Amino acid sequence: AEEAALAAAAKQLFARFSAQYAIWRNAVSCAAELDCLLSLARASSAAGMCRPAFVAEAEPFLHIQRGVNLCVQSALSDGQCIPNDIRMGPAPDGAGGGGE
């Protein structure tokens, strides 16, 4: 009897939860995005790191200068990895980058 009562209560709880699926999905998505942003903010405050600069441009782009993968860097015994430049999209106005 107790097991049946618990099963009925769980079923009711899950039904109420499922009825609000869109709200829960959005809440979880927001929490995940906040977690990523906080992790990036924490990582960028370490020595030798920097924060991104967001600019309004007509075309989307991503330019990284001397970027390192934090996971690779922490896995290396000496913590040294070779920084790389990444350019995706057109160069922003005033940033040069002819011929890309």
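Not measured: the values here are computed from a predicted model. Computed from heavy atoms alone, side chains included, the values below leave out hydrogens, waters and symmetry copies.
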Please round to the nearest 0.5 Å and tell me the distance separating atom [atom1] of [X] and atom [atom2] of [Y].
X	Y	atom1	atom2	answer
Ile82	Asn69	CD1	CG	13.0 Å
Ile23	Asn26	CD1	CG	8.0 Å
Ser39	Arg42	OG	CZ	8.0 Å
Ser18	Lys11	OG	NZ	12.0 Å
Leu6	Leu13	CG	CG	12.0 Å
Leu76	Cys71	CG	SG	11.0 Å

Check: Met88 and Ile86 side chains under 4.5 Å, non-hydrogen atoms: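 Yes. Closest side-chain heavy atoms under 4.5 Å.
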Would you say Arg87 and Gln65 make side-chain contact, with heavy atoms under 4.5 Å?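 In short, these two side chains touch, coming nearer than 4.5 Å.
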Exercise: identify the closest heavy-atom pair between [X] and [Y]:
X	Y	value
Pro90	His63	O-NE2, 3.4 Å
Ala41	Ser44	O-OG, 3.0 Å
Val68	Met49	CG2-CE, 3.8 Å

Hydrophobic cluster membership, with links at side-chain heavy-atom distances under 4.5 Å among I/L/V/M/F/W/Y: are Tyr21 and Phe17 in one?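 No, no single cluster joins them.
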Is the count of non-hydrogen atoms from other residues, nucleotides or ligands lying under 6.0 Å from Leu38 atom CG greater than 12?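 Above 12, so yes.
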Quick check on Arg16: does its CZ atom have over 12 non-hydrogen neighbours (other residues, nucleotides or ligands) under 6.0 Å away?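 No, because the 6.0 Å sphere around CZ of Arg16 holds 12 heavy atoms or fewer from other groups.
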Output yes when a side-chain donor or acceptor of Asn84 lies under 3.5 Å from a complementary backbone atom of Gly67, and no otherwise.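 Side chain of Asn84 to backbone of Gly67: no pair is present.
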